[in-house]
A.B. asks: 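After the structure tokens below, expect a handful of questions from me.
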Amino acid sequence: EAQVTQNPRYLITVTGKKLTVTCSQNMNHEYMSWYRQDPGLGLRQIYYSMNVEVTDKGDVPEGYKVSRKEKRNFPLILESPSPNQTSLYFCASSLSAGGGTLIYEQYFGPGTRLTVT
Amino acid sequence: GNSVTQMEGPVTLSEEAFLTINCTYTATGYPSLFWYVQYPGEGLQLLLKATKADDKGSNKGFEATYRKETTSFHLEKGSVQVSDSAVYFCALKGTSGTYKYIFGTGTRLKVLA
């Protein structure tokens, strides 16, 4: 089954304790992205990756790191989490970033609810 | 920079009522426009899309027309069902060379039987 998986689905942690949220897709997609969802703010893009070893900042990258060493995986790293990073996080992938009128659907994972105390 | 503004919810309708959720955008050039839907406890799913002016995206009875003159992409459905209850997000992706997605704040729809 074609899917985007995230782990863990739920995580409660303390301020400053490094954590990684994994994201994996089995569709051979080139484009992958991380979003956070907050009430009243909708979804905001954190980082995206055009392909292996190619990443770029979205609108809210501060406090996050990513890496893309393999095509299928795109982990999100919080080196020193803070309470303002408490949020619902989504990973998404699409065949390609596309361009012009060539647009590819993004497939979203089920989400990771993170609480930082 | 690019931005998306959509009407605040929640929107509460009776079954078979007509639905409109407004979405306007700010962007240079001709961005691609999307509506995504999020059912409770799930990730987002693409509902429909449009890539150029006057394009109409449609899916599952939902429609939206890309209006360049009013920079709008309003979502409509002629007769909603209880199963349409969800959060709806308007989104845009910039023109070539821009690979960021911008999402609106989401509009919660509740349909009563």
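Each chain gets a letter, A, B and so on, in the order the sequences are listed, and its residues count up from 1. Note: hydrogens, waters and symmetry copies are ignored here, and every other heavy atom, side chains too, is used.
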A.B. asks: May I ask whether A:Val54 and A:Tyr48 are part of the same hydrophobic cluster, defined by side-chain heavy atoms of I, L, V, M, F, W, Y residues being less than 4.5 angstrom apart, directly or through others?
C.D. replies: yes
A.B. asks: Counting a contact as any heavy-atom pair under 4.5 Å apart, which residues of residues 71-78 of chain B contact chain A?
C.D. replies: none
A.B. asks: Using a 6.0 Å cut-off, check whether atom OH of A:Tyr10 has over 12 heavy atoms from anything other than its own residue.
C.D. replies: no
A.B. asks: Is B:Phe89 in contact with chain A via its backbone, its side chain, both, or neither, using a 4.5 Å heavy-atom distance?
C.D. replies: side chain
A.B. asks: Look at atom NZ of B:Lys56 and say whether more than 12 heavy atoms of other residues, nucleotides or ligands are closer to it than 6.0 Å.
C.D. replies: no
A.B. asks: From A:Glu105 CD over to B:Phe34 CZ, what is the distance, rounded to the nearest 0.5 angstrom?
C.D. replies: 9.5 Å
A.B. asks: In residues 104-113 of chain B, which residues are in contact with chain A at a heavy-atom separation under 4.5 Å?
C.D. replies: B:Gly104, B:Thr105
A.B. asks: Would a single hydrophobic cluster contain both B:Val11 and B:Trp35, if residues Ile, Leu, Val, Met, Phe, Trp and Tyr are joined by side-chain heavy-atom contacts under 4.5 Å?
C.D. replies: yes
A.B. asks: Rounded to the nearest 0.5 Å, what separation is found between the CD1 atom of B:Ile102 and the CZ atom of A:Arg44?
C.D. replies: 11.0 Å
A.B. asks: Surrounding CD of B:Glu16 (heavy atoms of other residues, nucleotides or ligands, distance under 6.0 Å), is the total greater than 12?
C.D. replies: no
A.B. asks: Pick one of side chain, backbone, both or neither for A:Leu41, based on which atoms fall under 4.5 Å of a heavy atom in chain B.
C.D. replies: backbone
A.B. asks: Under a single-linkage definition using a 4.5 Å side-chain heavy-atom cutoff for Ile, Leu, Val, Met, Phe, Trp and Tyr, are A:Leu43 and B:Tyr101 assigned to the same hydrophobic cluster?
C.D. replies: yes
A.B. asks: Rounded to the nearest 0.5 Å, what's the gap from NZ on B:Lys93 to CD on A:Gln45? Could you check?
C.D. replies: 10.0 Å
A.B. asks: So which of B:Leu46, B:Val4, B:Leu44, B:Asp55 has the biggest tally of heavy-atom pairs under 4.5 Å with chain A?
C.D. replies: B:Leu44
A.B. asks: Strictly less than 4.5 Å between heavy atoms, which residues of residues 23-36 of chain A line up against chain B? Please order them by number.
C.D. replies: A:Tyr31, A:Tyr35
A.B. asks: Take atom CD1 of A:Ile12 as the centre, draw a 6.0 Å sphere, and report whether it contains more than 12 heavy atoms from other residues, nucleotides or ligands.
C.D. replies: no
A.B. asks: Tell me whether A:Leu76 is reachable from A:Leu19 by hopping between hydrophobic residues (I, L, V, M, F, W, Y) whose side-chain heavy atoms are closer than 4.5 Å.
C.D. replies: yes
A.B. asks: Is the distance between the ring centroids of A:Phe108 and B:Tyr36 less than 6.0 Å?
C.D. replies: yes
A.B. asks: If the condition is side chain to side chain donor-acceptor pair (under 3.5 Å), which residues does B:Gln38 pass it with, not counting sequence neighbours?
C.D. replies: A:Gln37
A.B. asks: Between A:Val60 and A:Tyr89, is there a shared hydrophobic cluster once you connect ILVMFWY residues whose side-chain heavy atoms come closer than 4.5 Å?
C.D. replies: yes
A.B. asks: Shorter than 4.5 Å, heavy atoms on both sides: which option in A:Gly40, A:Gly42, A:Gly58, A:Ala92 has the most such pairs with chain B?
C.D. replies: A:Gly42
A.B. asks: Counting neighbours of CD on A:Gln3 that are heavy atoms of other residues, nucleotides or ligands and sit closer than 6.0 Å, is the number greater than 12?
C.D. replies: yes
